[in-house]
Amino acid sequence: MKKILLKKQSINTNLTKISYKINYELDLNKSQYDAVMHNEGAALVIAGAGTGKTRTLVYRVARLIEDGVSPESILLLTFTRKAAKEMLRRASLLLDGRCEQVSGGTFHSFATNILRKYADLINYQRTFNIIDQSDSEDAINFVRNKIINEKTNKRFPTKSTLQKIYSLSKNSVTSYKDYIEENFSWFSDYYDEIENIFYLYDDYKLKYNLMDYDDLLINLLKLLKESEIARKEINNKYQFIMVDEYQDSNRLQHEICLYLAGEKQNIMAVGDDAQSIYSFRGANHQNIMFFPESFGDCKIYKIEENYRSTSQILDLTNFIINEAFFKYEKKLYSPRSDGDLPKIVITKSEREQSLIVTQLILEYRENGIPINEIAVLIRSGFHSFDLEIELEKANIPFVKFGGIKFIETAHIKDMIAYLRVIYNQKDALSWQRILLLLEGIGPNKANKVLNLIANNQVSLNNYDSIDLGKQSIIVKDLFAFLNEIRKSKSSVADKCTLIAEYYRPILQNKYDDWQKRWRDIETYLNISERYESIEALLQDIALEPPVESVSELTPESKENEYLTISTIHSAKGLEWKVVFIIWALEGKFPSAKATENIDTMEEERRLFYVAATRAKDYLIITYPINIYDRESGSVLSEPSRFISNIPENFVEKFVVANE
DNA sequence: AGCAGTGATGTTTTT
DNA sequence: CATCACTGCT
């Protein structure tokens, strides 16, 4: 039995007597100051776009530390690790290195770290592997194939639909039955089969020591709920909880927060209901409004003064959000009234849009705006393909965030699968993947090996009993090779290089464009150099994958300044002097998929709002008119509904002159 | 049992 | 423009 160490912590609540290094009153406005000085008990901070939300969090971290709270006992949960790092860096600049000691990360990475420690309490081994969405779909497909029969041959949900139902019902803490009835009622005939698949899927993961993204949260909650020992240790360690971007948390995360807050309820949630853009992940934009009800006593702070944008930009964004069907009690105001009006540029074609955006970027740069103060924001990853070509022609260095990441490509997943079986030998999903790469091995023979592994008859250092006839040798060679790497004392990067050499002939055989893919592998090898353990590498790849998309990201463009192209979701919390929003066309943004449903439509509006509020000084919205759209088979020619009825004096409109 | 070739299919957003 | 499921061939 583990012994619980209780450490007494004295928090000086008598604020007036302390003399701080930082002059909080001078550095902050009144509402920020109040939030920063919030001491114990629950609090909700509603902070509009650009109102210094990060600043408030950073100052509160510093303030708590100045008051004698030990940095490790502050837990800062953010949406991305990048955000957490940035905050801690700023806090360190403000105060000192102690701020770097603050605990923090995403819900998922925090959960992973906790679960690695307490895995045995929830019947897992601590070397569990984390599987991403597509892995999860594959595993679901595996069990799905066992369930489908004559009755289920038509209109039975696909693996990706099943994964979605599974994930959303878990994230919203709703039973499968209720969730299907409410959201996928057309599948209710198949309810028994679907539920069965989900049970089998859970068994599968437990058996092979795998967790999907949802399991990380579910198992953390389970641990907090069911193990008093773990809960006490965790509560004792993390005395002050701060959660950023609360509007994008879901029910499951909310329940975790309740347990993390513990009896003391020292939790501060920060967010903006008008910026909720993650409902597809089970977030509900009303969640944040329910937050106070979960606590006996919850203070609410509102911050409304915007320091980011000019009042010209805010006039436009206020207009956009006030058109929302469900009203937000929100009007941001700004002391900066010296700006240009936002521009709307209408072009004839996508080509012309790309050309004009490129040209404007060059003009802004000539006028002294550094290129890394400029961003192009897009609704979907592929909206920038044409622009990317144009930017390359014009020699404008750029980095693209969001969209398909190179980590998600088949060849990189293959590479990672080798590492994963070394780390967790039971990982059937990865075994399956790498076995199928071998010549003469199909699903059946792979399955044979999988069963041997599952029954502990075969492992990396005991594989003599494998008998697959002619193919035995090639499989045994794979085992021998992986076992060598497992035992080897060489660096992670060296191990990855060996794997790459092993994989290279397979790659060449499998893909015509193997040279392009090999370059990705070289990038991957470079990344692997940053890690000292396979565990750390795998964890980062699963939870904080390198954000850069597949791209010809040259080393020098990374060093120097670059233009940012980003999906709006990936641009959350960031800001630039100049922001372009391209493809503001009905059918693209809002996406054609969202138009049927009022809730998804409203989310598109908030998304547009988030995009526009990223701009500090200049906002340029563009769209091409008369575009034939293959998807819907129609001609798109209407400007986005979010900008079509903007009052004339709020924007300047441009069209490209005919030559 | 494995594999290659074919035809359909569908392409938000992310941990 | 892939990937994916399916089919028929070896």
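Not measured: the values here are computed from a predicted model. Below, read A as the first sequence line, B as the second, and so on, with proteins coming before strands; counting in each chain starts at 1.
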**OP:** Could you tell me whether Ile568(A) contacts a base, only the sugar-phosphate backbone, or nothing, with contacts defined as non-hydrogen atoms closer than 4.0 Å?
**Re:** nothing
Original post:
With nearest nucleotides of DNA chain B determined for Ala594(A) and Glu439(A) from heavy-atom distances, which residue corresponds to the more 5′ nucleotide?
Top reply: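 So the residue in question is Glu439(A).
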Original post:
If you pin His569(A) and Gly440(A) to their nearest nucleotides in DNA chain B, which one's is more 5'?
Top reply: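 Here Gly440(A) is the residue nearer the 5' end.
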**OP:** Just jot down the ring pair (Phe, Tyr, Trp, His ring centres under 6.0 Å) partners of Trp518(A), sequence neighbours excluded, or say none.
**Re:** none
Subject >> Qualifying residues under ring pair (Phe, Tyr, Trp, His ring centres under 6.0 Å), relative to Tyr609(A), sequence neighbours excluded >> reply: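 In terms of ring pair (Phe, Tyr, Trp, His ring centres under 6.0 Å), with neighbours along the sequence ignored, Tyr609(A) is linked to no residue.
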Subject >> Among dT14(B), dT13(B), dA1(B), the one nearest Lys445(A) by side-chain distance >> reply: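 Side chain of Lys445(A) sits closest to dA1(B).
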Subject >> Minimum-distance nucleotide (side-chain atoms of Pro443(A) versus dG2(B), dC4(C), dT14(B)) >> reply: dG2(B)
Original post:
So which heavy atom on Ile441(A) is nearest to which on Ala446(A), and how close?
Top reply: CG2-N, 3.9 Å
Original post:
Going by heavy atoms closer than 4.0 Å, what residues in residues 133-140 of chain A are next to DNA chain B?
Top reply: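 Heavy-atom contacts with DNA chain B come from Gln133(A).
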Subject >> Residues in side chain to side chain contact (heavy atoms under 4.5 Å, CB included) contact with Arg251(A), at least two apart in sequence or another chain >> reply: Val173(A), Glu255(A)
**OP:** Could you state the atom-to-atom distance from CZ of Phe385(A) to C1' of dA2(C) in whole Å?
**Re:**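 Phe385(A) atom CZ is separated from dA2(C) atom C1' by 11 Å.
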Subject >> Set of residues satisfying side chain to side chain donor-acceptor pair (under 3.5 Å) with respect to Glu323(A), sequence neighbours excluded >> reply: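 With neighbours one apart ignored, the set is Asn645(A).
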Original post:
For Glu602(A), what residues pass the side chain to side chain donor-acceptor pair (under 3.5 Å) criterion, not counting sequence neighbours?
Top reply: none
Original post:
Has Phe280(A) got its ring stacked on dT14(B), by the test of a centre gap below 5.5 Å and a plane angle below 30°?
Top reply: no
